[in-house]
Amino acid sequence: MIRRWYLYAVSGITLQAVTWAVIGLLRGLLAGAGAALPQSTSLQLSVVLIGLPIFGLHWRWVQREAGAAELALRNEARPVYVHVMLLAFVVPWLFSAFWLIEAGLQQLPNTTSASLFPDATAGESVVALLVLTGMLWYFNAQRLHLAAQFADDVFFCGVQRLAALLLAFLSFSVALSASASLLGWLLFELSPQPAGVMFAALPSGEVAALLTGMGAWLLAWRFAQRQFAGGAAAELQSVVRKLYLYVLLFAGMLTTVTNLALVLGGALRALLGLPAAGDWQPLAAAVIVFGFVWAYHAAVLRADGVQAQVAGGQLMVRHLYLYLTAALGLGAVLVGLGGLLTVLIRWPYESDQREPLALFSATLLAGLPVWALAWRTAQAAAHANVAERHSSLRRAYLYFFLLLAVLGVLTSAVFVVARLVNLLLSGDAQDVLPGTAQAVGYGLLSAALWLVQQRLLAADRELEAGLARAALAGQHATLLLPAADPFTLALQTALQAAHPGLQVAVQSGAAGESLPEGGLLLLPATLAARIPAGARALLLPLPVPGAHWVALEPAREQELLRHAVAAVSQLLAGEPVRPLRGWTAGTVIAVAAGGLMLLALLAIPLVLAITMLLD
């Protein structure tokens with residue numbers, strides 16, 4: 001295995017070096033003998049003369065191994081190598097196409113150049129394109145050969161999908177940046193201009209980037225869409241695809257909302273009679289372009305949901321998007337409300353509050369629909385699906401804002417008490433009222449947030465309890481244990497306390513006694529032979545006179561009760577039965593250290609906030 005990866009690594013590195021040396025030699029020949037530097041030519045010839053035999057030798061070994069049937073079936077390095085080489089050649093191919101298109105656009109009148117490499121001429125770009133096209137053709141043929149051989153192989157399909165989506169993401173990012181710049185330029189040109197302002201030249205760099213980026217994205221994305229439409233289980237259950245879609249969905253949402261807030265802020269500034277803070281055209285262009293990205297990828301995700309149900313890692317990616325979006329939206333709402341509260345309190349004491357009024361109003365108006373939409377979707381999913389409701393990200397979201405609320409109340413209370421103590425000691429009442437009122441307002445806002453988060457947590461618990469009671473209706477468990485034994489009575493009491501709707505009966509389990517049909521059986525290992533076929537049963541590791549358990553430590557009664565109740569809960573919920581794991585000394589130390597670090601990190605902004613308020 002390691003030898004095979006070594007062979008592919010050497011083959012890839014040497015082939016890349018030889019390819020670029022050949023491109024350099026051809027560019028030198030194109031420029032003419034007088035323009036080619038002898039030193040660079042000798043270096044390129046040396047790379048070709050030394051690198052080509054090394055590549056040929058290692059590639060011969062690679063091909064020999066690939067031809068062996070027993071190795072071909074286990075060769076995971078070859079698809080990785082082929083797709084890495086394809087990406088390594090397609091990226092410079094796109095750069096060369098960009099330079100060639102830009103060179104052609106510069107021949108048009110009234111254009112500007114924004115190339116990162118202005119020395120890349122059209123001839124040099126054509127040379128690179130020809131050589132790189134040959135390499136792409138060869139490795140694409142290798143990919144097609146592998147696809148025919150391993151069409152249903154999960155690993156090959158995963159590597160192919162990852163390469164296609166990576167190319168799609170990179171090229172789409174370039175196309176988005178260029179399209180936003182071009183649209184901003186167009187809006188600026190179409191807007192009324194002051195007298196004497198001339199039309200700006202066409203940015204040829206953005207046009208070339210848009211053409212190359214969009215072309216590469218269409219090629220890669222259509223390939224990924226065809227693979228998904230094929231209906232293979234590996235494609236339908238792909239986490240990488242969902243991650244790609246949700247990353248672009250989140251980027252589109254965040255950029256759209258951020259720029260929309262700035263546009264709304266500018267509009268509110270104009271309504272309040274304030275001067276404009278900047279040009280609106282780039283902001284409007286970003287809203288249009290990234291709003292399209294947001295809408296398009298939301299539509300793709302809806303279509304994916306119709307074709308295949310979201311599960312497993314895909315569900316985790318969806319949770320991450322929903323709760324991260326809800327967190328950003330709620331954060332914007334809290335910032336907007338806090339800022340408007342500050343404006344309202346300080347309005348009688350400060351002359352002009354129009355600028356913060358416009359800023360915080362725009363923040364609130366932009367964040368509120370984002371939070372409402374994301375939270376409504378998350379709540380609907382949580383009420384309909386137990387997996388959604390048990391999501392760790394949901395709990396993290398709720399408890400994070402619960403923590404922020406507690407810190408807000410604490411900060412406000414400390415500030416108010418400090419101001420009152422300062423008033424009693426010094427008698428200086430200057431600025432006491434507005435500062436104290438602002439702290440009280442923040443404290444009330446934090447308290448309202450705390451109440452809302454607590455209510456949401458309580459609603460989740462009530463829903464879980466109601467569903468558990470409904471699931472336990474008609475369920476019964478039978479303890480095949482001595483009726484008068486204290487452990488039997490304690491286990492019966494513990495099960496009824498943990499599951500109020502569960503009917504718990506006790507039978508001695510004597511020979512000849514009929515066992516109840518259905519339900520759940522809890523019995524010692526000595527009665528394991530009496531378990532009916534198809535029954536649900538839990539074996540209790542109770543002591544057996546004259547026998548010892550192997551690889552099982554004797555359990556205390558309270559510990560055994562706790563494990564038995566947990567196992568019954570797991571079995572009734574349809575989950576696999578797993579033992580409860582206690583905390584080791586290392587776990588306790590790690591949790592304690594993490595808690596202290598978290599307290600230290602939270603104490604720093606708390607102290608800074610109190611200091612700023614006191615100042």
Side-chain angles (χ1 to χ4, degrees), residues 236-239 241-243 245-250 252-254 257 294 297-334 337 367-406 446-473 475 498-501 566 569-576 578:
L236 299 180
Q237 299 170 5
S238 170
V239 178
R241 176 183 172 88
K242 285 294 183 290
L243 184 62
L245 291 172
Y246 275 111
V247 165
L248 288 176
L249 186 69
F250 181 79
M253 178 276 302
L254 183 61
V257 173
W294 188 6
H297 289 90
V300 172
L301 284 166
R302 283 195 297 270
D304 284 7
V306 172
Q307 188 168 351
Q309 186 177 2
V310 178
Q314 295 179 337
L315 197 60
M316 177 63 72
V317 175
R318 181 175 182 270
H319 290 164
L320 181 61
Y321 166 76
L322 280 177
Y323 288 108
L324 189 57
T325 302
L328 290 175
L330 183 55
V333 169
L334 294 176
L337 288 175
L368 186 58
V370 173
W371 170 75
L373 180 63
W375 183 244
R376 180 181 177 183
T377 305
Q379 280 291 82
H383 282 84
N385 191 302
V386 63
E388 299 271 357
R389 198 162 51 250
H390 289 168
S391 170
S392 58
L393 290 172
R394 177 179 177 85
R395 292 299 181 92
Y397 168 85
L398 293 173
Y399 279 106
F400 173 75
F401 282 101
L402 193 67
L403 177 63
L404 286 185
V406 171
S446 300
L449 177 63
W450 185 85
L451 290 174
V452 170
Q453 299 303 102
Q454 284 284 11
R455 179 55 190 151
L456 290 171
L457 289 169
D460 282 359
R461 290 192 293 267
E462 292 172 3
L463 181 59
E464 285 293 321
L467 293 175
R469 287 192 296 269
L472 290 175
Q475 294 275 2
H499 306 286
S569 302
Q570 293 169 357
L571 205 58
L572 292 176
E575 301 174 356
R578 296 187 178 91

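Computed from heavy atoms alone, side chains included, the values below leave out hydrogens, waters and symmetry copies. Computed from a prediction, not measured in an experiment: that's the story for all the values here.
- The distance from atom CD of Gln453 to atom OH of Tyr397, rounded to the nearest 0.5 Å, is 6.0 Å.
- Within the model, atoms CG of Leu320 and OG of Ser392 stand 10.0 Å from one another, a figure rounded to the nearest 0.5 Å.
- Interatomic distance, Leu449 CG to Leu330 CG, rounded to the nearest 0.5 Å: 6.0 Å.
- Taking the side chain as every heavy atom from C-beta outward, Arg241 and Val300 approach each other to under 4.5 Å.
- The structure places CZ of Arg455 at 12.5 Å from CH2 of Trp450, a figure rounded to the nearest 0.5 Å.
- Side chains of Asp460 and Leu398 form a contact here, defined as non-hydrogen atoms less than 4.5 Å apart.
- Using a 4.5 Å cut-off on side-chain heavy atoms (C-beta onward), Leu301 and Arg318 make no contact.
- At least one side-chain heavy atom of Tyr323 sits under 4.5 Å from a side-chain heavy atom of Trp375.
- Annotation: side chain of Trp294 is in contact with side chain of Val257 (closest heavy-atom distance under 4.5 Å).
- Residues Leu457 and Tyr399 are in side-chain contact: their nearest non-hydrogen atoms beyond the backbone lie under 4.5 Å apart.
- A pairwise comparison of heavy atoms in Ala374 and Leu322 identifies CB-O, 3.8 Å as the closest pair.
- Tyr321 and Phe250 have perpendicular rings, their planes meeting at more than 60° on a 0 to 90° scale where under 30° would count as parallel.
- For the atom pair Leu254 CG and Thr325 OG1, the distance stands at 8.5 Å (nearest 0.5 Å).
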Exercise for the section: Give the intermediate values and the outcome of side-chain contact (heavy atoms from CB on, under 4.5 Å) for residues Phe401 and Val452. Expected result: CA-CA 10 Å; Phe401 282 101; Val452 170; over 6 Å; no
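- Considering NE2 of His297 and CG of Leu245, their distance stands at 6.0 Å, rounded to 0.5 Å.
- Minimum interatomic distance between Leu373 and Thr377 (heavy atoms only, all atoms of both residues): O-OG1, 2.9 Å.
- Taking both residues in full, the closest heavy atoms of Arg394 and Ala378 are given as NH1-O, 4.1 Å, listed atom of the first, atom of the second, then distance.
- Scanning all heavy atoms of the two residues, the minimum distance from Ala332 to Gly367 falls at CB-CA, 3.8 Å.
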